[in-house]
Visitor: 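Can you read through this structure? Questions will come right after.
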Number of protein chains: 2
Amino acid sequence: MFSDSEENYLKTIFHLERQFKDGVSTNAIADQMQTKASSVTDMMKRLSDKNLVNYVKYQGVTLCDKGRIAAAAIIRKHRLWEVFLVEKLDFSWDEVHEVAEQLEHIESEELIDKLDKLLNYPKFDPHGDPIPNKDGNFPVRDKVLLSDLSIGSKGICVGVKDTSSSFLKYLDKNGIALGKSIQVLEKEDFDHSQKIKIENEVLQVSQQIASNLYIKTTH
Amino acid sequence: MFSDSEENYLKTIFHLERQFKDGVSTNAIADQMQTKASSVTDMMKRLSDKNLVNYVKYQGVTLCDKGRIAAAAIIRKHRLWEVFLVEKLDFSWDEVHEVAEQLEHIESEELIDKLDKLLNYPKFDPHGDPIPNKDGNFPVRDKVLLSDLSIGSKGICVGVKDTSSSFLKYLDKNGIALGKSIQVLEKEDFDHSQKIKIENEVLQVSQQIASNLYIKTTH
DNA sequence: AAATAAATTTAGACAAGACTAAAAATGTAT
DNA sequence: ATACATTTTTAGTCTTGTCTAAATTTATTT
Ligand SMILES: [Mn+2]
Ligand SMILES: [Mn+2]
Ligand SMILES: [Mn+2]
Ligand SMILES: [Mn+2]
């Protein structure tokens, strides 16, 4: 249907649209995709010709419905493959992204349906990110950054904002994983570090850590 | 490492080398890949520059060691993915080829190792074709075409020569599957059709069928 | 051995995607 | 409002992979 390159552009625009609701700049896309703005301009013209994006010179780009549906399908594939890699092949959550970047471009509706079934229709990927259904709708889940919780709050770890390998490995090393219970014990005014309890372990985490971990509060 | 296109050429040459031991013609490659001989010539020059094939103008092409190893790796991936699709995702053996054609180009040593492990290190794919190991060595198994067996011979179905969907569906419909026992009951001189026993069912098959089914004889 | 047929390569063109350098548009500071 | 800086687009080039048509080489006949 679409080339790998086109799919990567669509996906990137989809993600950047949250941040830049009234039009994504070619530079923003170029930065994200490690390419040049001139290359982006070329591609925007092509995607526009195919009615996948609304592109007005000098005014950035937004996805058309057709483009948004295509983007959601790619994200669905990416995240389902990530679940597969972690659940079935014992990859760790910091290793799956690169491979999923390739697998997301495999074209086969039936393959994805069967993969979805094998994985028991997961709603979230290994990083806690929502997996859209076949219609492109994303499941929603209340979540808040650990850094925004007040002392005493309890919850469950449900996602990460930063998905870099170094952050994920830090979490592994310190026994923080999705699904584990968490409680804020203390907050330090000076550097915004926190003392937290993960399951039954007490741990001190910096502001940088706390602002990249999503929690679903339990009350 | 190599582009999808380069990999497809290498794989095709590998397969055609059995048939044309002393050099595969550009036309043979073009026919197989549904492309034009002139495109093949272009690619042969590129592959030759990369020391993947030996190419002499007008004299056909053979794989270099480097090219043969690369080809085996691609075939390994293709066949492992086919096993995965059938064993884990319940694809039928006539549906897997197209998808495997795409999956074989995914680049990740670790992915294939882990897939191999998940599948319990299979030696043969759903069509009975051998899966090379990491070093590029293919397991061997004695097999002979059903059409070459004499009356009374017994064996096990171990592979198919024709992997077309129509042939595989015919086998499904008539209860012929890899692993099942088979015995030749009668052979008709006139049209070379045979009466065979599959497990406990008796069946009449044409020469065309018999010459596309591989049997491992049991005595 | 020359003539003809078939296979193969070359020449020239095209599309997708990407890059660099230059031009044009937009935004900001005086 | 004008000058300067930044962003974005355009123009021109390159690589990969493909094609058609023409030229060349090899194979087959007479
Ligand atoms: Mn990812
Ligand atoms: Mn993810
Ligand atoms: Mn196959
Ligand atoms: Mn196969």
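Given the structure is predicted, the values throughout are model-derived calculations rather than measurements. Residue numbering restarts at 1 for every chain, and letters A, B, ... go by the order of the sequence lines. Excluded from the calculations below are hydrogen atoms, water molecules and symmetry mates; all remaining heavy atoms, backbone and side chain alike, are included.
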Visitor: I want to know whether A/H97 and A/H78 have ring centres closer than 6.0 Å.
Guide: yes

Visitor: Rounded to whole Å, how long is the line connecting atom CG of B/D4 with atom C1' of D/dT16?
Guide: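 To the nearest whole Å, that distance equals 12 Å.
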
Visitor: With salt bridge (charged side-chain N to carboxylate O under 4.0 Å, His left out) as the test, pick out the partner of A/E6 among A/K50, A/K66, A/R46, A/K11.
Guide: A/K50

Visitor: Looking at DNA chain D, which of residues 9-35 of chain A put a heavy atom within less than 4.0 Å of it?
Guide: A/S25, A/T26, A/N27

Visitor: Can you tell me how far C1' of D/dT16 sits from CD of B/E6, to the nearest Å?
Guide: 9 Å

Visitor: Looking at the base of C/dT20, is there any donor atom on it, or on the side chain of A/S38, that sits under 3.5 Å from an acceptor on the other one?
Guide: yes

Visitor: Is the closest side-chain donor-acceptor distance between A/S25 and A/N27 under 3.5 Å?
Guide: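 No, no side-chain donor-acceptor pair sits under 3.5 Å.
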
Visitor: Where along residues 43-60 of chain B does a heavy atom fall under 4.0 Å from DNA chain D?
Guide: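 B/M43, B/R46, B/Y58, in order of number.
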
Visitor: Could you tell me whether B/F84 and A/F84 have their ring centroids closer than 6.0 angstrom?
Guide: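 Yes, ring centres under 6.0 Å apart.
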
Visitor: For A/S39, answer base if it contacts any base atom (sugar-phosphate contacts may also be present), sugar-phosphate if it contacts only those atoms, and nothing otherwise; contact means non-hydrogen atoms under 4.0 Å.
Guide: base

Visitor: For the pair made of CG in B/D42 and C1' in C/dT10, what is the distance, rounded to whole Å?
Guide: 9 Å

Visitor: Please determine whether a side-chain nitrogen or oxygen atom of A/S5 lies at a distance below 4.0 Å from atom OP1 or OP2 of C/dA18.
Guide: yes

Visitor: Is there a donor-acceptor pair closer than 3.5 Å between any side-chain N or O of A/R76 and the backbone N or O of A/P132?
Guide: yes

Visitor: Could you check whether A/F138 and A/F14 have their ring centres less than 6.0 Å apart?
Guide: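 Ring-ring flag for A/F14/A/F138: true, centres closer than 6.0 Å.
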
Visitor: With a 6.0 Å cut-off (strictly less than), is the heavy-atom count around CG of A/D65, excluding the residue itself, greater than 12?
Guide: no

Visitor: Please tell me whether A/Q207 and A/S193 have a donor and an acceptor in their side chains that are separated by less than 3.5 angstrom.
Guide: no

